[in-house]
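These notes concern the structure reproduced below.
We name chains A, B, ... by the order of the sequence lines, and we start the count at 1 in each one.
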There are 2 protein chains.
Amino acid sequence: MIQTTSVENYLKTIFHHAGIGNNAVTTNEIAASLGTKAASVTEMLKKLSAQKLIRYKKYNGVTLTDSGTKQALLIVRKHRLWEYFLVEKLEFSWDEIHEVAEQLEHIQSEILVERLDSFLENPKFDPHGDPIPDKKGIIKKTDLQKLIDVTEKKEAIVNLVTDQPELLRYLSKIGISIGSKLRVIERNTFDQSMLLLINGKNKVQISAEIAHNISVQL
Amino acid sequence: MIQTTSVENYLKTIFHHAGIGNNAVTTNEIAASLGTKAASVTEMLKKLSAQKLIRYKKYNGVTLTDSGTKQALLIVRKHRLWEYFLVEKLEFSWDEIHEVAEQLEHIQSEILVERLDSFLENPKFDPHGDPIPDKKGIIKKTDLQKLIDVTEKKEAIVNLVTDQPELLRYLSKIGISIGSKLRVIERNTFDQSMLLLINGKNKVQISAEIAHNISVQL
DNA sequence: ATATATTTTTAGGCAAACCTAAATTTTATT
DNA sequence: AATAAAATTTAGGTTTGCCTAAAAATATAT
């Protein structure tokens, strides 16, 4: 089904805020991200829900359905391919591409996307290093890295955790789950323990032992 | 001023129907061309007029102002540059480009257009042979041809007529003026006279004598 | 646990761009 | 010139996506 530009922007925003774990996204987050008001978001969420693009329960935030995720991925694909085009072919610099790619991503033409992809020789990453989903919406997994190897100040997304029940229980207690965004604030050079900021909110100190068992994607 | 896609489409349509002579364009012509209803067109014409993009007098059709013409030319420029891109770089065939170029022409970014132009090495004609206006909206005049030299079935636009009062009077009587679209339906091989279709409406037979004195643009 | 603050939803409106049906103006025909 | 036909405009609606203000639900703090 062909969507309006507005619907596409909502799907894309929800997709980005949900992260890898497909966490629920709140009305206010969406409003802030799109520069609209919460009331407008609520209204649109009902429409998206009616189209089965999201799962929506009043006051509970939303998650993308498979269908919604697929559509979001195709928009992301288009956005990143156009960004690649702008930088590689039209000599745009990083700071100039966003606004234009935001427009180009809404052009409706499957054949255009595929021809562009071929013309660009099927790039796997956009100029920011973000992976470009393929035509089926599949993102090539970037190489995972152990959290212990992440340098200071960097932001990483939890992708995989060694399957040890105690560890998993502990992590959930301190608020880390698949998809959580971690920023390494500080590393203790003595014991290699690290101070993390979780999802931009809570600070937690974890031991090197634990950092060894968490895989992240940068 | 940044316009809506709809306003841009109206300007483009009026531009194309007005032809070289910037003739008045009727409400119905616009409606037919855009696939909307006459009532909707009237409404929009008021808006365009308020913005001084067209000259509009009730029941009298419209003409583009200089400002309106300039904006129309920039849309035409974008349309034709994108068409060139689609054919030359993405290997689209003629019949596939229209729909996509209709969308791409509305992308708002001056820098994008200029970079695209450079990337394509400043093409002067699109894949249909139509001239691409430059960034100031100036169209390089295509070489004029005498109507007598136009081959059968071709469509041509009247660009210049030898300045002979009798001829001009005669032509106006049979409905030919600067900007008229002529299609050569048939040529009489005996006397070189030709049967023309004028603006897709009236058929007229003209002598070789007259055809010698009309210059057209293909 | 209750009061306060925040978030989300509902209700009622607005602008753009479209529509149909009816009224008006212009054009064509006899 | 009067009438019929065609073109155009007006009047009153619809849909999409946004808004503000008020109400309801949830979260936070004492």
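Between C:dC18, D:dT9, D:dT8, one nucleotide has an atom nearer to the side chain of B:S6 than all others, and that is C:dC18.
At a non-hydrogen distance threshold of 4.0 Å, B:K37, B:A39, B:S40, B:E43, B:M44, B:K47 from residues 37-54 of chain B come into contact with DNA chain C.
Between A:L34 atom CG and D:dG17 atom C1' there is a gap of 12 Å when expressed in whole angstrom units. As rounded to whole Å, 15 Å separates atom C1' of C:dA16 from atom CD of B:E8. As a whole-Å value, the separation of A:N60 CG from D:dA25 P is 13 Å.
For B:T26 and D:dA7, the shortest distance from a side-chain N or O to OP1 or OP2 is not below 4.0 Å. Between A:K58 and C:dT10, a side-chain N or O to OP1/OP2 separation shorter than 4.0 Å is present. OP1 and OP2 of D:dA6 both lie 4.0 Å or more from every side-chain N or O belonging to B:N28. Look at A:T36 and you won't find any side-chain N or O under 4.0 angstrom from OP1 or OP2 of D:dG17.
The two residues A:L53 and A:S67 come nearest to each other via the heavy atoms CD2-OG, 3.5 Å.
No side-chain donor-acceptor contact under 3.5 Å links A:N23 and A:H17.
Along DNA chain D, the nucleotide nearest A:Y59 and the nucleotide nearest B:K57 are compared for position; the residue whose nucleotide lies closer to the 5' end is B:K57.
A:H79 has its ring centre less than 6.0 Å from the ring centre of A:H98.
Sparse packing is recorded around CD of B:E99, with 12 or fewer heavy atoms of other residues, nucleotides or ligands lying under 6.0 Å away.
Using a 4.0 Å cut-off between charged side-chain N and carboxylate O, B:E96 and A:R115 make a salt bridge.
In this structure, A:F119 and B:F85 have perpendicular ring planes: the angle between them is above 60°, well past the 30° mark.
Among the protein residues, B:G61 comes within range of no part of the nucleic acid, since none of its heavy atoms lies under 4.0 Å from any strand.
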